[in-house]
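For ligands, and for the atoms within them, numbers begin at 1 and follow the listed sequence. Computed from a prediction, not measured in an experiment: that's the story for all the values here.
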Amino acid sequence: MSAQRSSPTGTPLRPTQPTSATADSATAPTRSKRELLDELAREAENSQPARDLGTLRDVMVFAVGNPDADIMFIGEAPGAEEEKQREPFVGPAGQLLTKIIQAMGLRRSEVYISNVCKFRPKIDDGRMQGSKNRAPTTGEMLACQPYIMAEINIIKPRAIVCLGATASTGLGIEGTVGRLRGRIQEWRGHPLAVTYHPSYLLRREAEDGGGLAEKRLVWEDMMRVMETVGLPISDKQRGYFSRAR
Ligand code: URA
């Protein structure tokens with residue numbers, strides 16, 4: 001299935017402009033992925049479209065992980081802890097994501113982790129925000145969209161995992177997680193899976209004392225991703241969250 005170029009609110013997602021980090025990569029083949037990513041991060045830091053919105057906080061949080069990763073995880077935007085540490089997915093949701101990555105037999109340093117929006121969205125005037133977070137708006141994601149697109153072009157992952165519908169919407173893919181999850185789709189030449197955001201799993205866990213059903217669905221999605229990139233899956237891994245446990 002190909003991605004559709006509009007947001008859930010009907011706002012068309014315009015084609016993204018190439019950034020200089022990717023625009024001239026054809027003429028500078030000797031630059032490493034790390035160098036291209038570093039340049040892109042500097043561009044994101046100074047992003048005028050993002051800064052001009054006035055709705056995003058000042059600190060830019062780019063990405064973490066291996067530029068040669070097979071698997072790229074994409075979330076929505078940094079939260080309070082991510083802003084403090086300037087690294088994606090280090091707060092409570094990030095700790096759960098790290099456990100998921102480890103359950104796949106990988107380390108955080110072996111995958112690439114990023115967000116569609118590179119700045120923590122402001123709440124009210126952003127000064128007294130405390131630990132409150134919110135999802136980025138369509139406009140905020142559009143302002144940052146060139147960076148995530150460029151990262152994908154640089155990393156060339158063998159599988160992309162969108163964590164939650166905000167992340168998939170940020171790539172121009174319409175639909176709820178309920179509709180999009182459970183399969184690998186082809187997106188711009190990349191196998192892509194959409195699954196529930198770890199924050200949602202934490203909320204479900206708090207609500208009904210488990211959220212086991214949703215965890216099982218996420219794990220099924222992750223096994224599909226493992227198969228896609230050729231990672232072995234042991235019987236023990238196949239048994240995680242199985243109904244008999
Ligand atoms: N949630 C996200 O989507 N991204 C982060 O970096 C942290 C929490």
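- Using a cut-off of 4.0 Å between Lys/Arg side-chain N and Asp/Glu carboxylate O, Arg42 and Asp38 are scored as not salt-bridged.
- When Ala77, Gly94, Ala93 are ranked by how near their heavy atoms come to atom 5 (C) of ligand 1, first place goes to Ala77.
- To the nearest 0.5 angstrom, Trp219 atom CH2 is 8.5 Å from Ile100 atom CD1.
- Close approach of ligand 1 to Pro88 is summarised as follows: ligand atoms under 4.0 Å from at least one heavy atom of the residue are 6 (O).
- Any N or O atom pair closer than 3.5 Å counts here, and Glu76 shares at least one such pair with ligand 1.
- Ranking the protein heavy atoms by distance from atom 1 (N) of ligand 1 puts His197 NE2, 3.3 Å first.
- Ion pairing between Asp221 and Arg224 holds under the 4.0 Å rule for side-chain N and carboxylate O.
- In the vicinity of Gly75, heavy-atom distances shorter than 4.0 Å reach the ligand 1 atoms 3 (O).
- Atoms OG1 and CG, from Thr195 and Leu163 in turn, are 7.5 Å apart once rounded to the nearest 0.5 Å.
- Partner Lys118 forms a salt bridge (charged side-chain N to carboxylate O under 4.0 Å, His left out) with one of Glu82, Glu151, Glu83, Glu76 and no other, that one being Glu151.
- In terms of protein heavy-atom proximity, atom 4 (N) of ligand 1 is nearest to Asn115 OD1, 2.8 Å.
- Taking only nitrogen or oxygen atoms, main chain and side chain alike, Glu82 does not reach within less than 3.5 Å of ligand 1.
- Side-chain atoms of Asn133 come within 3.5 Å of backbone atoms of Ala80 as a donor-acceptor pair (strictly under, hydrogens ignored).
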